[in-house]
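This report concerns only the one structure given below.
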Amino acid sequence: MNEERTTVLIVEDEASIRKFIKINLNRNGFNVLEAESGEEALRILYAFNPQIVVLDIMLPGMDGFDVCRQIRKDKPGIAVIMLTARSQDDDKILGLELGADDYMVKPFNPLELVARIKTILRRMNISKESHEDVISFKNLLLDIKSQKFYKNNEEVDLTPTEFSILKVFMSNIGRALSRNELLNAVWGKYYLGDLKVLDVYIRRVREKIEDNPSKPVFIETVWGYGYRWRQQD
Ligand code: CA
């Protein structure tokens with residue numbers, strides 16, 4: 001995927017904010033599509049297949065959470081960055097629980113948004129350029145090249161972030177990974193967000209890979225430190 005040809009869909013009802021984001025993304029070489037409602041966003045999404053969606057939460061009609069839910073159902077491989085006007089943790093956490101890859105609190109520096117988009121793209125590209133084709137462990141199989149994941153030979157849909165997290169763990173079997181190490185590996189070195197993001201994501205990943213997510217056998221918590229993919233006999 002060439003960064004120059006990456007298409008970003010901006011979903012925001014306020015024209016001035018949309019325009020402001022568009023100008024900055026264009027300046028950084030992205031193709032930009034715009035939608036002013038959730039309904040319009042989904043129509044554009046199915047027709048044009050953007051790689052990234054910048055999604056405002058507060059929209060008329062369908063809100064950003066509904067749109068995110070729908071994207072995750074139909075197009076799990078698309079990266080979603082949520083925009084929230086409120087700084088409340090609730091909104092951020094709900095967005096992440098629905099499968100958003102990142103979030104930004106308005107007002108934000110557009111260059112920060114560009115940096116976040118580039119981090120996500122780098123992750124998607126690194127996965128594709130990896131030397132290993134597949135990593136398998138017990139009944140799980142991660143296909144790096146095609147970005148697909150299988151449990152018991154059945155495909156399980158993963159978001160780009162969930163895929164990155166699994167890849168980090170499955171490349172470091174038996175090693176305790178600190179929370180910071182994981183955040184850096186998945187969200188980039190300069191991640192300034194909330195540490196809670198990681199816990200939300202670990203929970204999501206456990207729900208997809210574990211038979212009983214409340215009694216995880218793959219990703220175990222290392223209290224006061226982080227997480228570890230358990231070596232099994
Ligand atoms: Ca709005």
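Both ligands and their constituent atoms are indexed starting at 1 by order of listing. For reference, positions follow the sequence shown, starting with 1.
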**Asked** Are Lys145 and Asp133 ion-paired here, with the side-chain N under 4.0 Å from a carboxylate O?
**Response** yes
**Request:** Give the intermediate values and the outcome of salt bridge (charged side-chain N to carboxylate O under 4.0 Å, His left out) for residues Arg116 and Asp101.
**Result:** CA-CA 10 Å; Arg116 302 276 184 104; Asp101 295 278; over 6 Å; no
**Sequence-distant partners of Asp74, salt bridge (charged side-chain N to carboxylate O under 4.0 Å, His left out), two or more places apart** = none
**Request:** Name all residues meeting the ring-ring contact (aromatic ring centres under 6.0 Å, His included) criterion together with Tyr227; count only those two or more places apart in sequence or in a different chain, and write none if there are none.
**Result:** none
**Request:** Compare all side-chain heavy atoms of Leu166 with those of Trp229 and state whether any distance is below 4.5 angstrom.
**Result:** yes
Extract all donor-acceptor atom pairs below 3.5 Å that involve side chains of residues 203-210 and protein atoms in other chains or at least two apart in sequence.
residue, atom, partner, partner atom, Å
Arg203, NH2, Glu97, OE2, 2.3
Arg204, NE, Glu162, OE2, 2.7
Arg204, NH1, Glu97, O, 2.3
Arg204, NH2, Glu162, OE2, 2.4
Arg206, NE, Ile219, O, 3.2
Arg206, NH2, Ile219, O, 2.9
Arg206, NH2, Thr221, OG1, 3.0
Lys208, NZ, Asp157, O, 2.8
Lys208, NZ, Glu162, OE1, 2.7
Glu210, OE1, Val217, N, 2.7
Glu210, OE2, Val217, N, 3.2
Glu210, OE2, Phe218, N, 2.8
Glu210, OE2, Ile219, N, 3.4

**Message:** Restricting to under 3.0 Å, identify the protein N, O or S atoms around the Ca ion (ligand 1) as residue plus atom.
**Reply:** Glu12 OE2, Asp13 OD1, Asp56 OD2, Met58 O
